[in-house]
Novice: 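To start, I am sharing the structure in question, which I have written as structure tokens.
Remember, it's a predicted structure, so these values are computed and weren't measured experimentally.
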Amino acid sequence: MLAKSTLPWLYLANSTVLIAHQIDAAYWHEWELFGMPGGIQLNLLLNIPLVALILFGQQRLAQGRTAGIAVSWLLVAGGITAVSIHSYFLLQGDDAFRLPVSLGLLAATLLISLMQATALLASIANRN
């Protein structure tokens, strides 16, 4: 029961740090890091459906819908993927995302993603 009651809060925390990371990514010109054409314009356009999906997931989770759980898993996967990719670039010596708050957002994303995954697994175990 505790895992189910913490899921919305973990979702909110994880989505908050991931969206803040996307704001930070604009500062660091993340599109250059990934070699994406289109610069800030494409970056902004790609973030619109991501933010919409995050908000949709929060709404569905609050309503107790299965889609909320599915998007929660996507959020966990997105957080762990973001941390993994940026860790790779940091280990390669890239200068981006090295400020304390940038690193803090990445660390918080990893921690909260793991906590969210744990709560999701616990909610599955409690249903059986």
Side-chain angles (χ1 to χ4, degrees):
M1 186 68 174
L2 180 61
K4 189 173 183 178
S5 66
T6 61
L7 278 174
W9 294 107
L10 289 167
Y11 189 104
L12 179 63
N14 206 8
S15 59
T16 299
V17 295
L18 279 167
I19 290 170
H21 167 73
Q22 287 307 106
I23 294 167
D24 194 33
Y27 171 79
W28 291 108
H29 296 194
E30 187 174 64
W31 54 90
E32 293 172 2
L33 190 65
F34 293 115
M36 282 178 23
I40 187 67
Q41 300 299 304
L42 180 60
N43 185 66
L44 288 170
L45 290 174
L46 290 174
N47 276 286
I48 291 170
L50 289 175
V51 171
L53 180 63
I54 288 170
L55 294 174
F56 171 79
Q58 179 71 41
Q59 178 190 41
R60 291 298 188 247
L61 190 63
Q63 294 171 341
R65 304 270 177 95
T66 304
I69 297 296
V71 178
S72 292
W73 280 113
L74 289 174
L75 193 64
V76 166
I80 292 171
T81 300
V83 171
S84 298
I85 290 169
H86 286 292
S87 295
Y88 170 79
F89 284 117
L90 288 166
L91 290 171
Q92 295 301 311
D94 196 274
D95 291 334
F97 297 94
R98 290 196 178 270
L99 292 177
V101 173
S102 299
L103 293 171
L105 286 171
L106 290 170
T109 298
L110 178 60
L111 177 64
I112 298 168
S113 292
L114 294 174
M115 290 171 62
Q116 187 177 356
T118 302
L120 285 162
L121 289 171
S123 73
I124 292 168
N126 289 336
R127 287 195 319 171
N128 296 330

Novice: How long is the gap from CD1 on Ile48 to CG on Leu53, to the nearest 0.5 Å?
Specialist: 14.0 Å
Novice: Answer yes if Trp28 and Ile40 sit in the same cluster of Ile, Leu, Val, Met, Phe, Trp and Tyr residues linked by side chain heavy atoms under 4.5 Å apart, and no otherwise.
Specialist: yes
Novice: Can you name the nearest heavy-atom pair linking Pro49 to Leu45, along with the distance?
Specialist: CD-O, 3.1 Å
Novice: Say whether Trp73 and Leu12 are linked into one hydrophobic cluster, either directly or through other cluster members, by side-chain heavy-atom distances under 4.5 angstrom.
Specialist: no
Novice: Membership question, hydrophobic clusters at under 4.5 Å side-chain separation (ILVMFWY): are Leu42 and Leu44 in the same one?
Specialist: yes
Novice: Nearest 0.5 Å, please: how far is OG in Ser15 from CG in Leu10?
Specialist: 10.5 Å
Novice: Any side-chain heavy atom of Val71 sitting closer than 4.5 Å to one from Tyr11?
Specialist: yes
Novice: Let me check something: do Leu18 and Leu110 share a hydrophobic cluster, defined by ILVMFWY side-chain heavy atoms less than 4.5 Å apart, either directly or through other members?
Specialist: yes
Novice: Under a single-linkage definition using a 4.5 Å side-chain heavy-atom cutoff for Ile, Leu, Val, Met, Phe, Trp and Tyr, are Ile85 and Tyr88 assigned to the same hydrophobic cluster?
Specialist: yes
Novice: Mind checking whether His29 and Trp31 have parallel, tilted or perpendicular rings, split at 30° and 60°?
Specialist: parallel
Novice: State, with a plain yes or no, whether a side-chain heavy atom of Leu7 is found less than 4.5 Å away from one of Ile69.
Specialist: yes
Novice: Side-chain contact test, heavy atoms from C-beta onward, threshold under 4.5 Å: evaluate it for Leu50 versus Ile19 and give yes or no.
Specialist: no
Novice: Can you give me the closest heavy-atom contact between Leu103 and Arg98, atom names plus distance?
Specialist: CD1-O, 3.5 Å
Novice: Are the side chains of Leu90 and Leu106 in contact, using a 4.5 Å heavy-atom criterion?
Specialist: yes
Novice: Can you tell if the side chain of Leu33 reaches within under 4.5 Å of the side chain of His86, non-hydrogen atoms only?
Specialist: yes
Novice: Over all heavy atoms of both residues, which pair between Ala25 and Phe97 is shortest? Give the atoms and the distance, please.
Specialist: CA-CZ, 3.7 Å
Novice: CE/Met115 to CG/Leu120 distance, rounded to the nearest 0.5 angstrom?
Specialist: 12.0 Å
Novice: So which atom in Phe34 and which in Phe89 form the shortest heavy-atom distance, rounded to 0.1 Å?
Specialist: CE2-CE1, 3.5 Å
Novice: Calculate, to the nearest 0.5 Å, the distance between atoms NE2 and CG belonging to His21 and Asn14 respectively.
Specialist: 12.0 Å
Novice: Taking the side chain from Asn126 and the backbone from Ala122, do they hold a donor-acceptor pair closer than 3.5 Å?
Specialist: yes
Novice: Any non-hydrogen side-chain atom of Ser113 less than 4.5 Å from a side-chain atom of Val83?
Specialist: no
Novice: For Met36 and Leu46, which heavy atoms make the closest approach, and how far apart are they?
Specialist: CE-CD1, 3.7 Å
Novice: Determine whether Gln22 and Glu30 make a side-chain contact, defined as any pair of heavy atoms from C-beta on separated by less than 4.5 Å.
Specialist: yes
Novice: Please name the pair of heavy atoms, one in Ala108 and one in Val17, separated by the smallest distance, quoted to 0.1 Å.
Specialist: CB-CG1, 4.1 Å
Novice: Give a yes or no on whether the backbone of Gly39 and the side-chain of Asn43 come within a donor-acceptor separation of less than 3.5 Å.
Specialist: no
